[in-house]
Amino acid sequence: MFASYWIRQRDYLLKISRALTAQLDLDTVLAEVLKAAMEMLGGQAALIAIREPDGRFTIRASRGFPSRLQEYFSLLLVDIPNQVDPFLFHIPDLEAKLAEVALRTGLPFSQVIALPMRIGPELIGVLYVIRAYGAAFTADDRQVLASFADQAAIAVHNAQLYQRLAQEKRRLDAILESSADGVMILDPGQRITVFNRALAEMTGWSAAEAIGRHHDEVIQWARRDTEMDLSRATAGGWPLAQSRGKTVLYVEGDLRRRTGGVLSVGITYAPLLDREGKLVNIIANVRDITRFREADRLKSTFVSVVSHELKTPVATILGYAETLARPDAQWDTETVRELAGVIQEEARRLDRLITDLLDASRIQARALPLRQEEVDLEVLARRVVQRFQPQTDRHDIAVRFPPDFPTVQGDPMRLEQVLNNLVSNAIKYSPDGGRIRIRGEVRPEEVVVSVSDEGIGIPATEQGRIFDPFYRVDEAPVRQAGGVGLGLYLARAIVEAHGGRIWVESEPGKGATFSFSLPRPRRDRLPAPFHPD
């Protein structure tokens, strides 16, 4: 009989151990622990209390009484000592507390035994078995219950570890998915195991399509600026396994996107090693460096173009001023007037350049000042024609606005600056002359002003970039025309600051038409045109 008792205990513990290894569901394992403990000790009820991070104990699992009565059993959790030795563990007045519970609930419970659930020196919970009748709990009962308490402690500890691990994984997944940089994790065979949202947007590959593929299938270079890429580095003995996570590989260039086009990126590859130095993963951080490259391009363009454009008028002014100041020459009035006129014109040119640079700086700082008043765009257009027509005998500049063209709200000086830039460009880029037309059009929600010429035109591949700062079409007639490439950038900024838009339509050799729109005041807006079915 005695041997059978211990065999049953062994079988119960074996069953619980299998449950622990088979699953990490805490409720299922604790239910097995309570059921076995009750059967082995002849109890009619049992419960497990878990220690919370703040030190309080709460009931995590119970058996043998309705769950609606569980709150009454919280009285048994008072004054739990911080003791892990099952033979020294003692809750003061535990029997009296059970009697109070029985009185409040009407349940016929009379005896209770409680033992600590421990992981090493740490008390993580308490296991209770309750009897309604029978003999008092013995030392043997205490020893049996200690085994079940240890199993329960293991179950709780494993479940808590699993929960923390799952929470940490969710947190890391969220960090990876919300990262602005692309993140990719490779296995030792360089197959993709993690591929975040940012990288999917960069490459045109979805995570579902990329995961499982080899790195080189997804990361394909249209142009590489660095000598090494991942395949060459590893084939050439890049010391991944010996680096202890300190050696990284940086690759920079233009990445070929699956959806077409390229993207400038820099990729940092870092190895993740185990304790023996064996490669476990390669972590790749992919950064879009388009803006950095554009900033470098703008900086170098700014230095080269602006220095040239500044140097030319300064040299002219200096040369003519030195000529006028020669002590050995006697200049007649006409010559002095001519030389002074050149100095004056170059000074104006220099002033315009400096003004454009200051405006560009204000745009970058989002501090471009604007006045708001009623503006008659036809009046501005005719004023611009009066300014430019005397400067050219090869061009015929004309204005055509409908008689009902409305006024708009805006800054007249800035809007005139837009027209100045567009007409100046029309003259500059139609070196053989021709007609230049400034037209106005009235639409229900906006007005449109267009400046067209019969000049060299703009290639379709360049039209998307001509409004960028310091950008100039790389063709001989354009280079010969001079300028720093700020006029259209400033025009776009001014129009957009007024709530409008600007665009170009052009065909090489057939001229260009630049148009900008401005919103009409609401009181002047026309109803939408009626289209009968």
Side-chain angles (χ1 to χ4, degrees), residues 161-300:
L161 289 177
Y162 178 76
Q163 185 179 32
R164 290 192 202 113
L165 183 63
Q167 289 175 343
E168 187 66 16
K169 184 179 184 303
R170 286 193 295 271
R171 188 177 73 88
L172 291 175
D173 287 345
I175 291 172
L176 289 178
E177 280 303 297
S178 61
S179 172
D181 288 345
V183 178
M184 174 174 53
I185 300 179
L186 311 174
D187 66 15
Q190 296 183 17
R191 294 202 171 272
I192 299 170
T193 61
V194 172
F195 199 83
N196 76 340
R197 185 186 302 120
L199 190 52
E201 293 174 357
M202 290 181 189
T203 62
W205 288 82
S206 69
E209 293 171 320
I211 290 174
R213 293 181 183 269
H214 192 273
H215 168 275
D216 292 350
E217 287 186 69
V218 177
I219 304 300
Q220 297 185 5
W221 297 102
R223 183 180 61 84
R224 194 176 65 251
D225 297 333
T226 49
E227 181 179 352
M228 283 289 187
D229 63 5
L230 183 62
S231 296
R232 290 187 181 186
T234 50
W238 180 42
L240 276 175
Q242 291 77 34
S243 64
R244 291 289 175 186
K246 296 179 180 178
T247 299
V248 296
L249 172 70
Y250 180 74
V251 183
E252 185 176 301
D254 292 333
L255 183 67
R256 185 176 288 113
R257 303 183 75 247
R258 191 186 188 193
T259 51
V262 297
L263 182 71
S264 296
V265 299
I267 306 181
T268 302
Y269 298 93
L272 180 64
L273 311 175
D274 62 16
R275 291 182 179 179
E276 287 73 37
K278 184 178 178 181
L279 180 65
V280 177
N281 290 112
I282 299 173
I283 315 297
N285 182 269
V286 186
R287 175 160 293 184
D288 182 351
I289 59 172
T290 304
R291 293 180 62 186
F292 298 106
R293 287 196 168 187
E294 184 64 18
D296 286 341
R297 185 190 70 79
L298 287 176
K299 183 172 65 174
S300 60

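Residues passing the salt bridge (Lys or Arg N to Asp or Glu O under 4.0 Å) test with Arg191: none are found, sequence neighbours excluded. Listed by chain and residue number, Glu168 satisfy the salt bridge (Lys or Arg N to Asp or Glu O under 4.0 Å) test with Arg171 (two or more places apart in sequence, or in another chain). Residues satisfying the side chain to side chain contact (heavy atoms under 4.5 Å, CB included) test with Val218, not counting sequence neighbours, are Ile192, Phe195, Trp205, Ala210, Arg213. For the salt bridge (Lys or Arg N to Asp or Glu O under 4.0 Å) test, residues two or more places apart in sequence or in another chain that qualify with Asp173 are Lys169.
The CZ atom of Arg197 sits 12.5 Å away from the CE atom of Met202 when rounded to the nearest 0.5 Å. To the nearest 0.5 Å, atom OH of residue Tyr269 and atom CD1 of residue Ile283 are 12.5 Å apart. Atom CD of Glu177 sits about 10.5 Å away from atom CG of Leu199, to the nearest 0.5 Å. In this structure, Leu272 CG and Ile185 CD1 are separated by 8.5 Å, a value rounded to the nearest 0.5 Å.
Listed by first and then second residue, the side-chain hydrogen bond (donor to acceptor under 3.5 Å, both in side chains) pairs involving residues 178-188 are Asp181-Arg287 (not counting sequence neighbours). Among residues at least two apart or in separate chains, salt bridge (Lys or Arg N to Asp or Glu O under 4.0 Å) pairs with a member in residues 249-258 are Glu209-Arg258, Arg223-Asp254, Glu252-Arg293, Asp254-Arg293.
Ala270 approaches Val248 most closely through the heavy-atom pair CB-CG1, 3.7 Å. Listed here is the closest heavy atom pair of Asp288 and Ser264: OD1-O, 3.3 Å. Nearest heavy atom pair, residue Ser206 against residue Ala200, reads CA-CB, 4.3 Å. Of all the heavy atoms in Asn196 and Leu176, the pair that sits closest is ND2-O, 2.8 Å.
Leu230 places none of its side-chain heavy atoms less than 4.5 Å from the side chain of Val251. You'll find the side chain of Ile219 reaches within 4.5 Å of the side chain of Met184, heavy atoms only.
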Practice prompt. Report the C-alpha distance between Leu249 and Thr268 in whole Å, list the side-chain angles of each, state the deciding distance to 0.1 Å, and finish with yes or no for side chain to side chain contact (heavy atoms under 4.5 Å, CB included).
Written response: CA-CA 6 Å; Leu249 172 70; Thr268 302; over 6 Å; no
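Judged purely by atom type and a 3.5 angstrom limit, Arg224 has no side-chain atom pairing as donor or acceptor with the backbone of Gly253. Under the 3.5 Å distance criterion, the side-chain polar atoms of Asn281 are matched with a main-chain donor or acceptor of Leu186.
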